[in-house]
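FYI, side chains are in, hydrogens and waters are out, and symmetry mates aren't considered; it's all heavy atoms of this structure. Proteins get letters first, then strands, A, B, ... in listed order; numbering begins at 1 in each.
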2 protein chains.
Amino acid sequence: MSSSIDVAKKAGVSQATVSRVLNNPQSVKPETRMKVLQAMEQLQYVPNLIARSLVTNTTRTIALISGSLQNGFFAETTDSIVQFAKHKGYKTLVYFEDENKVPDLFDLIMSSKVDGVLLSLIKLDDPLVEQLERVKVPCVFFNRRSKSGGHYVVLDNPSAVAEVTRHLIGLGHRKIAYLSGKTDFSTFQERSVGFKQVMQEHGLEMKPEWTSFIDTTTEEIERTVFTMLNRPELPTAIICATDAIALICMDIILMMGLRIPQDISLAGIDNTRMASHRAVQLTTVGHQKFAMGRIAAESLFELIEKGDSERSAIQITLRPELIVRKTTGLVNSSGS
Amino acid sequence: MSSSIDVAKKAGVSQATVSRVLNNPQSVKPETRMKVLQAMEQLQYVPNLIARSLVTNTTRTIALISGSLQNGFFAETTDSIVQFAKHKGYKTLVYFEDENKVPDLFDLIMSSKVDGVLLSLIKLDDPLVEQLERVKVPCVFFNRRSKSGGHYVVLDNPSAVAEVTRHLIGLGHRKIAYLSGKTDFSTFQERSVGFKQVMQEHGLEMKPEWTSFIDTTTEEIERTVFTMLNRPELPTAIICATDAIALICMDIILMMGLRIPQDISLAGIDNTRMASHRAVQLTTVGHQKFAMGRIAAESLFELIEKGDSERSAIQITLRPELIVRKTTGLVNSSGS
DNA sequence: ATCCTTTCTGAATACGTATTCATTTATTTC
DNA sequence: GAAATAAATGAATACGTATTCAGAAAGGAT
């Protein structure tokens, strides 16, 4: 690999001039500029971004810390974030973390010198947040947020669940199960609040055996649903805290020979792409306009470009929208 | 941010010693090592990887050039690749490229100084391949490959399609449609070969109006399927070159009120996660053992760690395995 | 031609680390 | 205790770029 010094030699100029034709072309005489460009061409010169970063203290790279792509929601947000970053001339460093262990991420981010961070996999009281705050790295949370504020874009989670819950109650359901991830994530925390509230408003009981806050691994979800549906008394509806959970849930329900929604209604949240598929047609709640990932990315670049500190907090809460499809129906009166 | 020089000052040693406790701890006396570690702790020192990369000419970063995550196959491979890279102590820089434009990727890769490249989105005659070859960056293709060889891990594509085609013919199908991406990608090229061959072996015709090689955007696929199914004569089965295409295809088929497989059989390739979902149950063909992404990643790290040049070419062709589910059935004798 | 601007270019330096080489300090051997 | 060896450390340098500052070249006005 040839360096700017090689180019300089070949063009008979100084290295500084080579640097100039790259970063400030009009500041160098057209004649010599041509010589330099020609030399670059001949040597197949491509600038070393590492060296440049060392000087400018900027990498044109963002970090994305997301949940596993097995979850369609994260696949969609990741896709749009990476696309948008590319469009902005930025590279994206991705981490798909296990829900539980996000320990060394701070050092990873700091040492990589990324220009910004998009975080979805964050616990309510994650120390990472405070650390990032301290070092002034532009950072926006999406989907999940931390209790210490910061910039974020999230769904109005309590309302979202409230809407599905009311929808199901409106269909006559009284025995409603709730299947969620653990509440140390804001998403699951907030969504459970919405559920609890609406149930109470209607004087309905949250049966412990129908209410689960579990690890959102496929195996764990399958096991939980299987156990629940093997009890003597079945719920008439299941609300899942995410579409990803709902899909797995649906898989088990169908496997056990139950019909949706005749035997059991099912609803999710996120309005994932698969939810609208005609083989699935999941009732869910989404939000208007763009994907959340896109909005988060736009917000982040606003921080990066205009400077974080001046900016007042970006705190966007997307209005939820119930999307009724085919997995929820009137409660089966023959149900015990 | 504090540097190793700050640490050195605080600990009363030279910067070289600080560097040593990081890279060669046992070469420094335990006593002074402690002093240094303590200073690091106090200053919250985290090494600047950019600077380190400049010296070592290594970044512990790989680049992944993949198709859009909208395609479940790429979501799965990306997930496992990123996980595996992390496990190996490497970061992953991702690009989800549009099928058509992959022009400036070479400069992007070179300037970022990644230690290796995983490529799935590559055309048969992509110039990128030769460029990467020339600069000796470890590189392995997966899923798709280039005609100029190199390291790759792919499915035995002709056999894969041959298997589904024979399966459908065995079920009595004669009027078989084929829906594929464009053949300047090896995947689609090789798969179409398999289809053509088996059809010919059985003296069956590839009707032009039932055979499409199109851009694999959702809209384009939808339009194509819609048009095909609005013709007077319908195929009794559709083979899609990927599960992603098959899913979209299924969506349209169901939307038009046709039943699968009673009215029309449907099959894909890749054995994507959603294909096994009980709301879908797509007949498809996959391969044994690990995900392809994982195998590709393992191969790449072998190249990175053991050095590329010594190594003979890694060329892995995975044996396909037909997985019959519920979207393919006996041909409906009442079909016109 | 002289002086003054303006435009352009080169030398020098900084960024933060790893590494070589020489030097100091500690340890062993007789 | 001296000499020989081994272990530990520091000074200096390199990596490839951007940038400052000073100086050279070019152009304009008188």
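In summary, the side chains of R144(B) and T187(B) do present a donor paired with an acceptor at a separation below 3.5 Å, with no hydrogens or angles considered.
The separation between L49(A) atom CG and dC15(D) atom P is 18 Å, rounded to whole Å. Atom pair K29(B):NZ and dA7(D):P shows a separation of 14 Å (rounding to whole Å applied). Rounded to an integer number of Å, the gap from N24(A) CG to dT19(D) P is 9 Å. One interatomic measurement links the two molecules: CZ of R60(B) to P of dT17(C), which rounds to 17 Å at whole-angstrom precision. Regarding R20(A), its CZ atom lies at a distance of 20 Å from the P atom of dG16(D), rounded to whole Å. Going from atom NZ of K9(B) over to atom P of dA11(D) covers 13 Å, rounded to whole Å. For the pair R52(B) CZ and dC15(C) P, the interatomic distance rounds to 19 Å; values are reported in whole Å. Atom CD in Q15(A) sits about 16 Å away from atom P in dC15(C), given to the nearest Å.
Looking at heavy-atom distances under 4.0 Å, S19(A) makes contact with a base. No engagement by S53(A) is indicated, since no non-hydrogen atom pair under 4.0 Å with the nucleic acid exists. In this structure, V18(B) reaches neither bases nor backbone, as no heavy-atom distance under 4.0 Å exists between it and the strands shown.
Close to dA18(D), at under 4.0 Å from its OP1 or OP2, lies no side-chain N or O of T56(A). For S14(A) and dT9(C), the shortest distance from a side-chain N or O to OP1 or OP2 is not below 4.0 Å. Proximity of N48(B) to the phosphate of dT17(C): no side-chain N or O atom is located under 4.0 Å from OP1 or OP2. Look at N57(B) and you won't find any side-chain N or O under 4.0 angstrom from OP1 or OP2 of dC15(D). The shortest distance between the side-chain N/O atoms of S4(A) and the OP1/OP2 oxygens of dG16(D) is not below 4.0 Å. The phosphate of dC15(C) has neither OP1 nor OP2 within less than 4.0 Å of any side-chain N or O from S3(B).
Taking the six-membered ring where the residue is Trp, Y90(A) and F301(A) present perpendicular rings, their angle passing 60° and hence far from 30°.
Nearest-nucleotide positions on DNA chain D for R33(B) and L54(B) put R33(B) closer to the 5' end. Along DNA chain C, the nucleotide nearest A16(B) and the nucleotide nearest V28(A) are compared for position; the residue whose nucleotide lies closer to the 5' end is V28(A).
Distances were taken from every side-chain heavy atom of Y45(B) (C-beta onward) to each of dT17(C), dA18(D), dC8(C); the shortest belongs to dT17(C). Picking from dT17(D), dA18(C), dG16(C) the nucleotide with the shortest atom distance to the side chain of A51(B) gives dG16(C).
Of all non-hydrogen atoms in A11(A) and V36(A), the two that sit nearest each other are CB-CA, 4.0 Å. Summarising the geometry of V129(A) relative to S146(A), their closest heavy-atom pair is CG2-CB, 3.4 Å, with the distance given to 0.1 Å.
Of the charged side-chain nitrogens involved, none lies within less than 4.0 Å of a carboxylate oxygen, so that K35(A) and E31(A) do not count as a salt-bridged pair.
Heavy-atom contacts from other residues, nucleotides or ligands closer than 6.0 Å to CD of Q26(B) number more than 12.
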